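Step one of this worksheet: look at the structure below.
The analysis underlying the following values was restricted to heavy atoms, covering all of them including side chains, and did not include hydrogens, waters or symmetry mates. Since the structure is predicted, the reported quantities are computational estimates derived from the model, not experimental observations. Proteins come first, then strands; the chains are lettered A, B, ... in the order of their sequence lines, and each starts at number 1.
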2 protein chains.
Amino acid sequence: MARRKDHTPEQLKTLIRSAAEKLIYKKGLQGLTARALAQEIGYTPGTIYNTYQDMDALITDINYETLGRLYQFCQERVYDLPMDFSKVRALAYAYVDFAHKNQRAWESVFATAHKGDKTPRLPKDYQQRILSLFEHIEITLKECLNFPSDRARITARLMWACLHGITVLTLDGRLKLVGVEEPHEMIDDLLTKYLHHDVR
Amino acid sequence: MARRKDHTPEQLKTLIRSAAEKLIYKKGLQGLTARALAQEIGYTPGTIYNTYQDMDALITDINYETLGRLYQFCQERVYDLPMDFSKVRALAYAYVDFAHKNQRAWESVFATAHKGDKTPRLPKDYQQRILSLFEHIEITLKECLNFPSDRARITARLMWACLHGITVLTLDGRLKLVGVEEPHEMIDDLLTKYLHHDVR
DNA sequence: TAGAATAATGAACGGTGTTCATTTATGGAG
DNA sequence: CTCCATAAATGAACACCGTTCATTATTCTA
C-alpha cells in the first residue's frame, strides 16, 4: 500500500514517539528496535525513516520530551512551597523521585551512547532544556537561601552532579550490593551539611 | 586449522582480554565486537566462545580488571600522605582522575547494560572489588577525620555517589554545555563544606 | 603408528539499523 | 469521470551484530 494517509505527518510523528516511549517504558532502550516499533504502530520499518532521519534522532526526541516532563515535574512539586530550605529539599527529592518513577526513560536520557567517536552535538532546544533545569535550581537557591548569583551557579551544578550520582547508584540494580540507604536520606544528609554550611 | 596451540588456554584468555581492552580504549564499548576482536587476535569469532561464555562475560571480566586498576590507582595516590584532610581529598581526586585517564574503560564499568529485565547478578569477586572501594573511603574517613564507624559508612557511600555524579557530568561530552568547572574544584567545594561540617 | 582427544573453524541462524527502487492510493486537472 | 502526477508506504536487500555447532585439522596418547 501507499499513501494511506491514515495519519497526517504530525500525527504519525506523535504516534511513533508515543509507541517508542511505550517500548522504552516496558523494555528499556534495548527493546526499542525499528522493527518492533513498526509492528507496534502497524507500519513497516521504512516508514519510520520518512519521519526520523534515524533511530538516534527518534531517541533524542524522546529524551527531549523526558527532560521536559522532568522539568515540569520539578516545577509542580515546589511551586507552592514556602521560600525556604524545604523548597530546596523538595526540589532535590523531585529529581530522584522522577528518575525512580520514570526509570527507563531517565536511563535513556543519560545512557552513554557514544557511537564511535563523534560526540553528537545535541540540538539547541535540547541543550536549552538542560540549562533550564540548572537555572531552576539556581533560582531556587537564590530565592530560598539568599545565595549570591555566582555562588548559586556553582552550587547548582554541584548539587545536580551529586543528585545525579545518588540517582544512578540507587537506580542501578547491579549496585544494590553497596547497601545504599534510601535516596531521600542521602539527600537530607547532603543538603543539611553542604548547604547549611553557607546558610548559617 | 585446529589445535594450533599457539597459546595455552590462559595465554589465550589474556590475549583476548588485552585485545578487547585495546578495542574499548580506542573505540569504546561500541567498538568491541566478536568479529573485530577475533580479527585483532588472529582467530575467528568462534574461538572467543571457547574461552568466554559470551561477550557479556568478557566485558564483565574487563570491568573487573578495571575496578582493580582503579583500586590500586587510588591506593598509590594516597598511601604515603599524612593522615589528615589532604588524604581524603587526594582520594577523591584519584577517583575522578582515574576516570578521566581511563575514560572508555570507566564508562564500560558503569554502562547501564540492562539487557532485558534480568539484572545480571555480578560475580562475587566483582562485588567484593566494589566493596573494597567503599571500604577504602570508609577507612580513610575514620583514620583521617576520626569519623565513628557508622558515620563513616554512610558518608563513604554518599561521597562516592557525589564523586560519581561529578565524574559522569564532567566526562560526558554531551553535557559539556553546562559549563562544569574543573572536577577538582567541584570536589574541593563539596569536601570542604560537606566534610568540614563534621570535622570542625 | 593408529586412534582418541581437542582446538579452531566457518557456515548458518536470527537479530539489528538503514536504504531505496517499487508499488499503490490519493487529490487535482482536464 | 477519467487520467495522471504526486506522495506515502512498502519490502527486499545490504552490511552488520552475537551466538551455535557440526566439521576439520592437529596434537597427544597408547
Side-chain angles (χ1 to χ4, degrees), chain A residues 1-17 19-21 23-24 26-63 108 111-118 120, chain B residues 1-17 19-21 23-24 26-63 108 111-118 120:
Chain A
M1 290 143 244
R3 187 133 187 185
R4 308 189 319 192
K5 207 127 194 182
D6 291 357
H7 311 90
T8 68
E10 276 159 35
Q11 282 178 326
L12 188 55
K13 187 163 190 169
T14 304
L15 185 66
I16 290 174
R17 195 171 47 212
E21 281 171 343
L23 282 174
I24 288 179
K26 288 199 296 186
K27 310 220 175 195
L29 263 184
Q30 304 281 345
L32 177 58
T33 70
R35 286 173 176 82
L37 178 56
Q39 166 124 23
E40 188 78 17
I41 61 175
Y43 282 82
T44 53
T47 301
I48 297 165
Y49 290 82
N50 294 343
T51 303
Y52 286 100
Q53 207 190 347
D54 51 32
M55 291 298 284
D56 242 47
L58 167 59
I59 292 169
T60 298
D61 198 18
I62 290 171
N63 290 343
S108 166
T112 53
H114 279 316
K115 300 208 172 178
D117 291 19
K118 54 179 176 187
Chain B
M1 296 137 239
R3 186 133 190 181
R4 309 187 318 192
K5 206 125 194 179
D6 291 356
H7 311 91
T8 69
E10 276 158 36
Q11 283 178 324
L12 188 55
K13 187 163 189 169
T14 304
L15 185 66
I16 289 174
R17 196 170 44 211
E21 280 171 344
L23 281 174
I24 288 178
K26 289 198 297 184
K27 310 218 175 198
L29 264 184
Q30 305 279 346
L32 176 58
T33 70
R35 286 174 176 82
L37 179 55
Q39 166 124 24
E40 188 79 17
I41 62 175
Y43 283 82
T44 53
T47 302
I48 297 166
Y49 290 83
N50 295 343
T51 302
Y52 286 99
Q53 206 190 348
D54 50 31
M55 291 298 285
D56 242 47
L58 167 60
I59 292 169
T60 298
D61 198 19
I62 291 170
N63 290 344
S108 167
T112 54
H114 279 315
K115 300 208 171 179
D117 292 20
K118 55 179 176 189

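For the contact set between residues 7-15 of chain A and DNA chain C, defined by any heavy atom under 4.0 Å, there are no members.
The CD1 atom of I59(A) sits 11 Å away from the C1' atom of dG17(C) (whole-angstrom rounding). Distance CG (D6(A)) to C1' (dT26(C)): 12 Å, rounded to an integer number of Å. Rounding to whole angstrom units, CD1 of residue I41(A) and P of dA8(D) are separated by 15 Å. Note: CG (N50(A)) to P (dT19(C)) measures 11 Å, nearest angstrom. Rounded to whole angstrom, the span from the OH atom of Y43(A) across to the P atom of dA8(D) amounts to 11 Å. In this entry the distance linking CG of L37(A) with P of dA9(D) reads 14 Å, nearest Å.
Every residue two or more places apart in sequence or in another chain was checked for a side chain to side chain donor-acceptor pair (under 3.5 Å) with Q39(B), and none qualifies. Residues forming a side chain to side chain donor-acceptor pair (under 3.5 Å) with D61(B) (at least two apart in sequence, or on another chain): R17(B), Y52(B). Legend: residues meeting side chain to side chain donor-acceptor pair (under 3.5 Å) with Y43(A), ordered by chain and number and at least two apart, are R4(A), H7(A).
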So which protein N/O to nucleotides 14-17 of chain D N/O distances come out below 3.5 Å?
| unit_1 | atom_1 | unit_2 | atom_2 | d |
| --- | --- | --- | --- | --- |
| dC17(D) | OP1 | T33(B) | OG1 | 3.2 |

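Of all heavy-atom pairs spanning A36(A) and L23(A), the tightest one is C-CD1, 4.1 Å.
Comparing the helix axis at one end of the helix from dT1(C)-dA30(D) to dG30(C)-dC1(D) with that at the other, each defined from 5 consecutive pairs, gives an inter-axis angle of 30° (nearest 10°).
Of the two residues near DNA chain C, Y49(A) and T44(B), the one whose nearest nucleotide lies more 5' is T44(B).
For dA7(C), neither phosphate oxygen OP1 nor OP2 lies less than 4.0 angstrom from any side-chain nitrogen or oxygen of T47(B).
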